[in-house]
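Each remark here refers to the structure printed beneath this line.
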Protein chains: 2
Amino acid sequence: MHDHTPPPPKDDPAFAKHDHHRCAGEGLARAEEILAGRKVRLTPVRRRTLEILLEDHRALGAYEVLERLAADGFGNQPPVAYRALEFLVDHGLAHRVRRLNAFTACRHSGQDHAPAFLICRQCNAVAEAPADAVRSALDTTADKLGFVIERSNIEALGLCPACRDAA
Amino acid sequence: MHDHTPPPPKDDPAFAKHDHHRCAGEGLARAEEILAGRKVRLTPVRRRTLEILLEDHRALGAYEVLERLAADGFGNQPPVAYRALEFLVDHGLAHRVRRLNAFTACRHSGQDHAPAFLICRQCNAVAEAPADAVRSALDTTADKLGFVIERSNIEALGLCPACRDAA
DNA sequence: CCTTGACCTGTTATGATATTACATAGATAT
DNA sequence: ATATCTATGTAATATCATAACAGGTCAAGG
């Protein structure tokens, strides 16, 4: 792509300041909770992958994640990252942001979630907005056509509050 | 990817039968109308690219479009296709379906449009659903966070009526 | 007319993203 | 303990996308 190592966004979860260490820790705890019920394992690679995503309030490309995994002694071939990321996405612990070809930790796991991503074209911040209303409008639309939605991706590009003010 | 030459979907614009020849012709006419106002040209490559997208009620990859363009005597290097496609997208004559890394002709050009794509995971049909309601819900959501939306991508994966019935 | 500049097209080369296929190792269940 | 299922590692390759530059077309103004 072209914007490969963007500056880390100032703030982000909904573009407001927050206690980051706490929100990362909670993410992991919630993940274990969620997976406990299902017959799947949060293996070391998977766990570490989630940690990596949680450490950063931005969307990371698969190869970026891979580098970090390799640095930690895991394999250094693409499937290592893609598989772990796919696992996390399948279990609702992470989301794929298609516009950026990137992945981000889910900030509302556990809750029934239909996320919408708000991507700032200026600072690259990515906010996961609660999108229940959006999703339900989408369901209604699909319903009229007899289409059954299984998964959805809702993404918007624009300006976050900080960048809009700066402009 | 993995599903590179899918069988053409049975029906599609909203998954219902329709007079295709007519809908393709209208697409072109509408394009010329729209561009007339702006100071841009619908050059041969661009026009042919739009035709190619209109011919098919599915999303085509850039390389797929490129092959057809090359067969018609245009250049056969990726930028040829990407540039024409980007032009069409910028002017609202086509849309990019990110989930499929593909492009599709806009079926509602001219109208103020915020499309939502319903993608059948079985037969690969892609319907462009009117999503004004969805878009307005999204605007409301973004507004609460002070985020200004400039472009949006709304895509859903699931089963179209035909495939659901077949299952 | 004929030059200038904007824009379009073509091509080479390369970069970035993602998957297939297969081999090995670890966990689970009987 | 052994069969089985799942997960990991690696090599090779497929797929998608862009940068950079050269040459061509066309309309506007001198």
Side-chain angles (χ1 to χ4, degrees), chain A residues 1-6 35-36 38-50 52-53 59-91 93-104 124 153, chain B residues 1-6 35-36 38-50 52-53 59-91 93-104 124 153:
Chain A
M1 215 107 282
H2 33 63
D3 199 353
H4 221 239
T5 313
L35 295 183
R38 317 178 189 180
K39 287 204 320 196
V40 296
R41 291 178 286 158
L42 187 59
T43 60
V45 216
R46 291 169 179 175
R47 184 191 184 85
R48 184 72 192 110
T49 301
L50 180 54
I52 289 168
L53 292 181
L60 300 180
Y63 280 73
E64 221 170 333
V65 170
L66 179 58
E67 262 180 43
R68 312 257 240 119
L69 286 175
D72 290 346
F74 296 100
N76 69 343
Q77 298 300 314
V80 171
Y82 280 102
R83 284 194 289 233
L85 289 166
E86 185 185 23
F87 173 88
L88 296 175
V89 170
D90 282 347
H91 290 89
L93 303 175
H95 297 291
R96 189 169 195 154
V97 182
R98 300 205 99 102
R99 175 149 224 142
L100 303 175
N101 291 324
F103 299 82
T104 185
N124 273 281
N153 280 95
Chain B
M1 215 105 281
H2 33 62
D3 196 354
H4 220 238
T5 313
L35 296 184
R38 317 178 189 179
K39 287 203 320 194
V40 296
R41 290 181 287 159
L42 187 59
T43 61
V45 215
R46 292 168 178 175
R47 184 190 184 86
R48 183 72 194 112
T49 300
L50 179 55
I52 289 169
L53 292 182
L60 301 181
Y63 279 73
E64 220 169 335
V65 170
L66 179 59
E67 262 181 43
R68 311 256 238 120
L69 286 174
D72 290 346
F74 295 100
N76 69 343
Q77 297 303 312
V80 171
Y82 280 102
R83 284 194 288 234
L85 290 165
E86 186 186 21
F87 172 89
L88 296 175
V89 170
D90 282 349
H91 290 89
L93 302 174
H95 297 291
R96 189 170 193 151
V97 183
R98 300 203 98 101
R99 174 150 227 143
L100 303 174
N101 291 325
F103 300 82
T104 185
N124 273 283
N153 280 95

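A note on names: the letters A, B, ... follow the listed sequences, proteins ahead of strands, and every chain is numbered from 1.
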**Request:** May I have the distance from B/Leu66 (atom CG) to C/dG10 (atom P), rounded to whole angstrom?
**Result:** 10 Å
**Asked** In whole angstrom, what separates A/His91's NE2 from D/dA7's C1'?
**Response** 13 Å
**Message:** Donor-acceptor check, side chain of A/Arg46 to backbone of A/Arg41, threshold 3.5 angstrom: yes or no?
**Reply:** yes
**Item:** Separation of atom CG in B/Asp72 from atom P in C/dG10, rounded to whole Å
**Value:** 12 Å
**Request:** Take atom CZ of B/Arg46 and atom C1' of D/dC26, then tell me their distance rounded to the nearest Å.
**Result:** 13 Å
**Complete:** Side-chain contact check for A/Phe74: nearest option of D/dA7, D/dG9, D/dT10 is D/dG9
**Prompt:** Looking at CG of B/Leu42 and CG of B/Leu88, how far apart are the two atoms once the value is rounded to the nearest 0.5 Å?
**Reply:** 7.5 Å
**Item:** Among C/dT17, D/dT8, C/dT11, the one nearest A/Tyr63 by side-chain distance
**Value:** C/dT17
**Asked** Just how far, in rounded Å, is C1' of D/dC26 from NZ of B/Lys39?
**Response** 14 Å
**Request:** With sequence neighbours excluded, tell me which residues meet side chain to side chain contact (heavy atoms under 4.5 Å, CB included) with A/Pro78.
**Result:** A/Tyr63, A/Leu66, A/Tyr82
**Message:** Quick check: do A/Leu35 and A/Phe87 have side-chain heavy atoms less than 4.5 Å from each other?
**Reply:** yes
**Asked** Any side-chain heavy-atom pair from B/Val40 and B/His91 closer than 4.5 angstrom?
**Response** yes
**Request:** Classify the nucleic acid contact of B/Arg98 as base, sugar-phosphate or nothing, counting any heavy atom under 4.0 Å across all strands shown.
**Result:** nothing
**Prompt:** CG of A/Asn76 versus C1' of C/dA18: gap in Å, rounded?
**Reply:** 16 Å
**Complete:** In whole angstroms, the gap separating C1' of C/dT19 from CG of A/Asn101 amounts to 14 Å
**Message:** What's the closest nucleotide to the side chain of B/Val45 if the choices are C/dT9, D/dA17, C/dT11?
**Reply:** C/dT9
**Message:** Taking the nucleotide of DNA chain D with the nearest heavy atom to each, does B/Arg41 or B/Phe103 sit closer to the 5' end?
**Reply:** B/Phe103
**Asked** Whole Å only: how far is the CZ atom of A/Arg96 from the P atom of C/dT17?
**Response** 11 Å
**Message:** Short of 4.0 Å, heavy atom to strand atom, which residues of residues 77-88 of chain A count as contacting DNA chain D?
**Reply:** A/Gln77, A/Pro79, A/Val80, A/Arg83
**Asked** Is there a side-chain contact between B/Arg99 and A/Asn153, using heavy atoms and a 4.5 Å cut-off?
**Response** yes
**Fill in**
Of the candidates D/dA7, C/dC8, D/dT10, the side chain of A/Thr43 sits closest to D/dA7
**Request:** With the side chain counted from C-beta on, respond yes when B/Leu53 and B/Leu85 share a heavy-atom pair under 4.5 Å apart, and no when they do not.
**Result:** yes
